[in-house]
Q: 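Please see the structure below; I have some questions.
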Amino acid sequence: MSTANIISQSDHRNVDAVPEIGCLSIIVLGASGDLAKKKTFPALFHLFKQGFLPPDEVHIFGYARTKLTDEGLRDRIRGYLGKEENVDSEELANFLNLVKYVSGSYDHEEGFLLLNEVISQHESARNTPAGASRRLFYLALPPSVYPSVCKMIRQCCMNQAGWTRIVVEKPFGKDLSSAEELSSQLGELFSESQLYRIDHYLGKELVQNLLVLRFANRLFMPLWNRDNIANIQIVFREDFGTEGRGGYFDQYGIIRDIIQNHLLQVFCLVAMEKPVSLKPEHIRDEKVKVLQSVLPIASEDVVLGQYLGYKDDPTVSPDSNTPTFASIVLRIHNERWEGVPFIFKAGKALNSKKAEIRVQFKDVPGDIFKCRSQGRNEFVIRLQPSEAMYMKLTVKKPGLEMSTIQSELDLSYMQRYQGVKIPEAYERLILDTIRGDQQHFVRRDELKAAWEIFTPLLHRIDDGEMKPLPYEPGSRGPVEADRLLSKAGYVQTHGYIWIPPTL
Ligand code: BG6
């Protein structure tokens, strides 16, 4: 079989017309900022440690406005990399040796021409064969500068023969029209196959498991629909507030920060139909379809909250109407899901920190054990912390009596996959970018469909037509959210708690 045949049959990646080999330059723009220090460089270091960034092929360039030397940048990031367990100092030094720094502005050619020069020097020093060099630009920057930075890259730093890819991260706009404007600005400069819109939830282990679970297990296929499922919750809770990020958060709020992107991506994977294949375009086609089947959000399906003390932050407006908590019911108008509420809940400064998907099944018809009041079957996928999935079941209570009790079938990753290190989301996603796999990145039409769902509600909030209810920090959020949950049909099991297994 020829190489071309092998690629067409087994490779589901979006392979540009250039080889995935040769010298690789990773350029982190905004290199001295928080995202770069806390996420991008640590992810690159992890990839380096695992041999995915071989020193004879790779160079990493930091670019930012701050005047710094190479050593100055290395000093700034060293602390974040050195914090981790078992860091081998020689390995760390070898990694830092790959990092160079270029300073320049985000909207003038001068800095970008210099950047191009240092990248080219690196490429020719490696004797890269023509057409085999790769340039990955990671924009760890606020989206306000995306258009000018992308324009500069296009004008000054394009790879002449091999590929050029651009990684960007939310917020992609504030509503449908601003997001579309940003998309068109970037779309004029780069093709969709060059743009990688990161949503880091798509890099989480259990999120990546969703398609496997749903479509590789016969067990779930006949159950995953309106005939069997009563409701589905997608929940994100944090037990800390917006400390240190109040200024940013107040402009966006919990719906734009978490629900419209992270939770909606999870929703797509839970609710979409089976894709034709694992090709990124087939998967993303199905995600778009389910998003387009979501009905407009009714005001009575929304509870907003703002924790007490949020406005004490001097960077937050004193009359802020920004929600730090939201519970929203989405309804899908299609054959599989009509009548099944999808309840999204996200909040800051709550009583716990976790993210999970909770699929609640309908009651058993003809309940001969009279056990209905004990609770319903639930399938829970705990995304974090303590990755796990468990199925809440009714079983016979062990003993001489014939009585029932709630228990669970439990797959806890810590116990089942002892010694396996679960990769960080950013680590996987950067590797996907290098490999040209866009499966776990958001396509432009997907982003548009996501904004279409939430924009009318966001405008009602921005206009002050809907107001958040106050809640105590450290609580479950406004009690009205629990009422919305029961109104949507969720039946709470009292007295049953899943305890994550320990080793
Ligand atoms: C970010 C949000 O996208 O995700 C933050 O801006 C939030 O507000 C964070 O804290 C949560 O990510 P994770 O991976 O810790 O769940």
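Atoms within a ligand are numbered from 1 in the order they appear, just like the ligands themselves. On a predicted model such as this, the values are computed, not experimentally measured, just so you know. For the single chain, residues carry numbers from 1 onward in sequence order.
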Q: Only heavy atoms of Lys204, strictly under 4.0 Å: list the atoms of ligand 1 that pass.
A: 13 (P), 14 (O), 16 (O)
Q: Which residue and atom name correspond to the protein heavy atom nearest atom 16 (O) of ligand 1, and how close is it?
A: Tyr201 OH, 2.4 Å
Q: Determine the sole option in Arg245, Lys354, Lys348 for which the salt bridge (charged side-chain N to carboxylate O under 4.0 Å, His left out) test with Glu238 is passed.
A: Lys348
Q: May I ask you to identify the nearest protein heavy atom to atom 6 (O) of ligand 1, giving residue, atom name and distance to one decimal place in Å?
A: Asp257 OD1, 2.6 Å
Q: Tell me whether the count of non-hydrogen atoms from other residues, nucleotides or ligands lying under 6.0 Å of NZ in Lys311 goes above 12.
A: yes
Q: For ligand 1, which atoms have a heavy atom of Gln384 less than 4.0 angstrom away?
A: 13 (P), 16 (O)
Q: For Lys170, counting its heavy atoms only, list the atoms of ligand 1 lying under 4.0 Å from any of them.
A: 1 (C), 2 (C), 3 (O), 6 (O)
Q: Please report the C-alpha distance between Arg443 and Asp285 in whole Å, then the side-chain angles of each, then the deciding distance to 0.1 Å, and finally whether the salt bridge (Lys or Arg N to Asp or Glu O under 4.0 Å) criterion is met.
A: CA-CA 9 Å; Arg443 205 169 64 184; Asp285 288 347; 2.8 Å; yes
Q: Note the single closest protein heavy atom to atom 12 (O) of ligand 1, along with its residue, its atom name and the distance in Å.
A: His200 NE2, 3.1 Å
Q: Please write down residue, atom name and distance for the protein heavy atom closest to atom 1 (C) of ligand 1.
A: His262 NE2, 3.6 Å
Q: Decide whether a cation-pi geometry holds between Lys49 and Phe45; the criteria are a distance under 6.0 Å from NZ or CZ to the six-membered ring centre and an angle within 45° of the ring axis.
A: yes
Q: Give the atoms of ligand 1, by number and element, whose distance to some non-hydrogen atom of Glu238 is under 4.0 Å.
A: 7 (C), 10 (O), 11 (C)
Q: As an exercise, identify every atom of ligand 1 less than 4.0 angstrom from a heavy atom of Lys348.
A: 5 (C), 7 (C), 8 (O), 10 (O)
Q: For Val28, run the side-chain contact (heavy atoms from CB on, under 4.5 Å) check against Leu139, Thr40, Leu35 and tell me which one passes.
A: Thr40
Q: When you measure from the centre of the six-membered ring of Phe190, is the NZ or CZ of Arg154 closer than 6.0 Å and no more than 45° off the axis?
A: yes
Q: Among His459, Met466, Glu465, which one satisfies side-chain contact (heavy atoms from CB on, under 4.5 Å) with Asp462?
A: His459
